[in-house]
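Numbers for residues simply follow the sequence, beginning at 1. The basis for the numbers below is simple: all heavy atoms, side chains too, and nothing from hydrogens, waters or symmetry mates. All values reported here derive from a predicted model rather than from experimental measurement.
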Amino acid sequence: MATLKEVLLEATREAGKIIQHYFQGSFKVENKDTVNNLVTEVDKHAETRIIEVIKQYFPEHAIMSEEIGELKKDSPYQWIIDPIDGTVNFAHGIPICCVSIGLKHEDSMLLGAVYNPMMNELFFAEKGKGAFLNDEPISVSKKSDFRKACLVTGFPYNWPQTSEHPIRVFERFILEGLPVRRLGSAAIDLCWVACGRFDGFWEYNLNPWDIAAGYLIVEEAGGKITNFAGAPYTVFDKETLATNGLIHEAMQSIIHNKKK
Ligand code: IPD
Ligand code: CA
Ligand code: CA
């Protein structure tokens, strides 16, 4: 009998093969709700293959996947799938995109994998057992001086109605003189915090499939992930702040416009 981890990695690698096969090739691209929110036939193809692999071993498990929605809900195990995170990059032949799959049991994330086949980078974490990049243990950066931090963010397709405009917050970080990157894949942003390339990441309005795997990978790499108020995080949160832990409060102060 295959383990949960083996099935997760098989599904992740299968999707990775599909993504790599079509990358910079030709495929159908459609618009979703907004003009820049795209879905390609490759997203759907990868999603179908991931679900096939999971169902082959664990047909009783619940699934939440970006393009197809929720399948079966009455199981304590739920696979949370983003077949391609960074679809706009993928559609433009930009090699910053990945498959992201997390496995939740009851209320906690058990396993997560994020795979960018174009860069041959497979991030993986298991609750309580650490985080890995291509089987090597990873950890967040040790930078405590916020002035020297390198940050990453993303902009949602739909602006949040209930909080300050994300551009204002972005502007404050830029005016602090910090380098802030925008890669276009929240799952990769989180993994790059986990392996210390970035010191912090924030974004509004992400969905569970963008975050599920990366969330566990950051935590298992020793990082901190909360909402903007600093409260414990769930994959259903609409505000995501992930850091090395050392610059968390400094980032919160900028987000809330409270200069120290
Ligand atoms: C998007 C990416 C992007 C983030 C968007 C997400 P998609 O996911 O993660 O970085 O800024 O909010 O929706 O559409 O490429 O799967
Ligand atoms: Ca996504
Ligand atoms: Ca996606």
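- No side-chain N or O of Thr240 forms a donor-acceptor pair with one of Glu203 less than 3.5 Å apart.
- Under the 3.5 Å distance criterion, the side-chain polar atoms of Asp237 are matched with a main-chain donor or acceptor of Thr234.
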For this session: List the steps and the verdict of side chain to side chain contact (heavy atoms under 4.5 Å, CB included) for Gln78 and Met64.
Result: CA-CA 7 Å; Gln78 186 184 40; Met64 178 198 283; 3.7 Å; yes
For this session: For Thr243 and Met251, run side chain to side chain contact (heavy atoms under 4.5 Å, CB included): C-alpha distance rounded to whole Å, both residues' side-chain angles, the deciding distance at 0.1 Å, then the answer.
Result: CA-CA 9 Å; Thr243 71; Met251 284 192 69; 3.7 Å; yes
For this session: Report the C-alpha distance between Phe58 and Leu103 in whole Å, list the side-chain angles of each, state the deciding distance to 0.1 Å, and finish with yes or no for side chain to side chain contact (heavy atoms under 4.5 Å, CB included).
Result: CA-CA 12 Å; Phe58 298 111; Leu103 175 63; over 6 Å; no
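- Put simply, the side chain of Asn31 does not reach to within 4.5 Å of the side chain of Asn37, judged on heavy atoms.
- Ionic pairing of Asp145 and Lys143 is not present here: no N-O contact between side-chain nitrogen and carboxylate oxygen is shorter than 4.0 angstrom.
- Side chain of His256 to main chain of Lys258: no donor-acceptor pair is present (N/O by atom type, distance under 3.5 Å, no hydrogens or angles).
- Of the candidates Val7, Leu111, Val53, Ile81, Ile81 is the only one forming a side chain to side chain contact (heavy atoms under 4.5 Å, CB included) with Ile101.
- You'll find the side chain of Trp209 stays beyond 4.5 Å of the side chain of Ser100, heavy atoms only.
- Within 6.0 Å of NZ in Lys148 there are 12 or fewer heavy atoms belonging to other residues, nucleotides or ligands.
- Minimum heavy-atom separation, Asp85 to Ala186: OD2-N, 2.9 Å.
- A continuous path of hydrophobic side-chain contacts links Ile174 to Leu241 [ILVMFWY only; heavy atoms under 4.5 Å].
- Salt-bridge formation is not detected for the pair Lys44/Glu66: no Lys NZ or Arg NE/NH1/NH2 atom is positioned less than 4.0 Å from an Asp or Glu carboxylate oxygen.
- With sequence neighbours excluded, the residues satisfying side chain to side chain contact (heavy atoms under 4.5 Å, CB included) with Arg13 are Leu9, Leu122.
- The two atoms that bring Phe198 and Asp189 nearest to each other are CD1-O, 4.4 Å, heavy atoms only.
- Residue Met119 is grouped with residue Ile94 when hydrophobic side chains (ILVMFWY) are merged at heavy-atom distances under 4.5 angstrom, including chains of intermediate members.
- In this structure, the side chains of Glu47 and Ile68 come closer than 4.5 Å at one or more pairs of heavy atoms.
- Annotation: side chain of Ile247 is in contact with side chain of Asn244 (closest heavy-atom distance under 4.5 Å).
- Salt-bridge formation is detected for the pair Arg147/Glu176: a Lys NZ or Arg NE/NH1/NH2 atom is positioned less than 4.0 Å from an Asp or Glu carboxylate oxygen.
- Around atom CG of Asp107, no more than 12 heavy atoms belonging to other residues, nucleotides or ligands sit under 6.0 Å away.
- For the 3.5 Å distance criterion, the side chains of His61 and Ser75 fail to qualify, holding no donor opposite an acceptor.
- In this structure, the ring of Tyr204 has its center no less than 6.0 angstrom from the ring center of Phe155.
- Atom SG in Cys191 sits 9.0 Å away from atom CD in Glu121 (nearest 0.5 Å).
- Looking at Tyr215 and Val235, their side chains come closer than 4.5 Å, going by heavy atoms from C-beta outward.
- For Cys97 against Met118, the heavy-atom pair with the smallest separation is SG-CE, 3.5 Å.
- Under the 6.0 Å cut-off for aromatic ring centres, Tyr22 and His45 qualify, their centroids lying closer than that.
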For this session: Could you give me the CA-CA distance, side-chain angles and deciding distance for Ile19 and Ile84, then say whether side chain to side chain contact (heavy atoms under 4.5 Å, CB included) is met?
Result: CA-CA 8 Å; Ile19 295 170; Ile84 302 181; 3.9 Å; yes
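- Other residues, nucleotides and ligands contribute only 12 or fewer heavy atoms inside 6.0 Å of the CG atom of Asp135.
- Lys32 NZ: more than 12 foreign heavy atoms inside a 6.0 Å radius.
- Expressed to the nearest 0.5 Å, how far CG of Leu190 lies from CG of Asp210 amounts to 9.0 Å.
- The distance between the ring centers of Tyr233 and Phe228 does not fall below 6.0 angstrom.
- Annotation for His92: atom NE2 does not count as buried by contact number, only 12 or fewer foreign heavy atoms lying within 6.0 Å.
- Considering every non-hydrogen atom in both Ala213 and Val114, the closest pair reads CB-CG2, 3.8 Å.
- Side chain of Glu70 to main chain of Ile63: no donor-acceptor pair is present (N/O by atom type, distance under 3.5 Å, no hydrogens or angles).
- No path of Ile, Leu, Val, Met, Phe, Trp and Tyr side chains, each step under 4.5 Å between heavy atoms, connects Ile80 with Ile50, placing them in separate hydrophobic clusters.
- Clustering ILVMFWY residues whenever any of their side-chain heavy atoms sit less than 4.5 angstrom apart, transitively, puts Leu8 in the very cluster that holds Leu110.
- Considering every non-hydrogen atom in both Ala46 and Ile18, the closest pair reads CA-CD1, 4.0 Å.
- A 4.5 Å side-chain heavy-atom check between Thr12 and Phe124 finds every atom pair outside the cut-off.
- Two different hydrophobic clusters hold Ile255 and Ile211 under the rule that ILVMFWY side chains link at heavy-atom gaps under 4.5 Å.
- Listed for the Ser253 side chain is a donor-acceptor partner under 3.5 Å among the backbone atoms of Glu249.
- Between Lys127 and Glu106, none of the side-chain N atoms (NZ, or NE/NH1/NH2) sits under 4.0 Å from a carboxylate O, so this pair counts as no salt bridge.
- At distances below 3.5 Å, not a single donor-acceptor pair connects side-chain atoms of Glu219 with backbone N or O atoms of Lys224.
- Of the possible polar contacts, none joining the Arg182 side chain to the Val152 backbone as a donor-acceptor pair under 3.5 Å is found.
- Among residues two or more places apart in sequence or in another chain, the ring pair (Phe, Tyr, Trp, His ring centres under 6.0 Å) test is passed with Trp202 by Phe173.
- Taking a cutoff of 4.0 Å between a charged side-chain nitrogen and a carboxylate oxygen, Glu14 and Arg49 qualify as a salt bridge.
- When atom types are taken as modelled, the side chain of Glu220 and the backbone of Gly130 share a donor-acceptor pair closer than 3.5 angstrom.
- Listed for the Ser185 side chain is a donor-acceptor partner under 3.5 Å among the backbone atoms of Ile188.
- Distance check, rounded to the nearest 0.5 Å: CD1 of Ile217 to CH2 of Trp192 gives 14.0 Å.
- The 12-atom threshold is not exceeded at NZ of Lys55, counting heavy atoms of other residues, nucleotides or ligands nearer than 6.0 Å.
- The line from CD of Gln252 to OG1 of Thr226 is 5.5 Å long, rounded to the nearest 0.5 Å.
- Put simply, the side chain of Tyr77 does not reach to within 4.5 Å of the side chain of Ile54, judged on heavy atoms.
- Nearest heavy atoms, Asp199 versus Ala149: OD2-CA, 3.2 Å.
- Counting heavy atoms from C-beta on, the side chains of Asn257 and Arg172 come closer than 4.5 Å.
- One N or O on the side chain of Asp43 and one on the backbone of Thr40 form a donor-acceptor pair closer than 3.5 Å.
- Aromatic rings from Phe123 and Tyr115 are positioned such that their centres are separated by 6.0 Å or more.
- Checked by atom type and distance alone, the side chain of Glu6 pairs as donor or acceptor with a backbone atom of Thr3 at under 3.5 Å.
- Once rounded to the nearest 0.5 Å, the distance linking SG of Cys150 with CG of Leu178 reads 9.0 Å.
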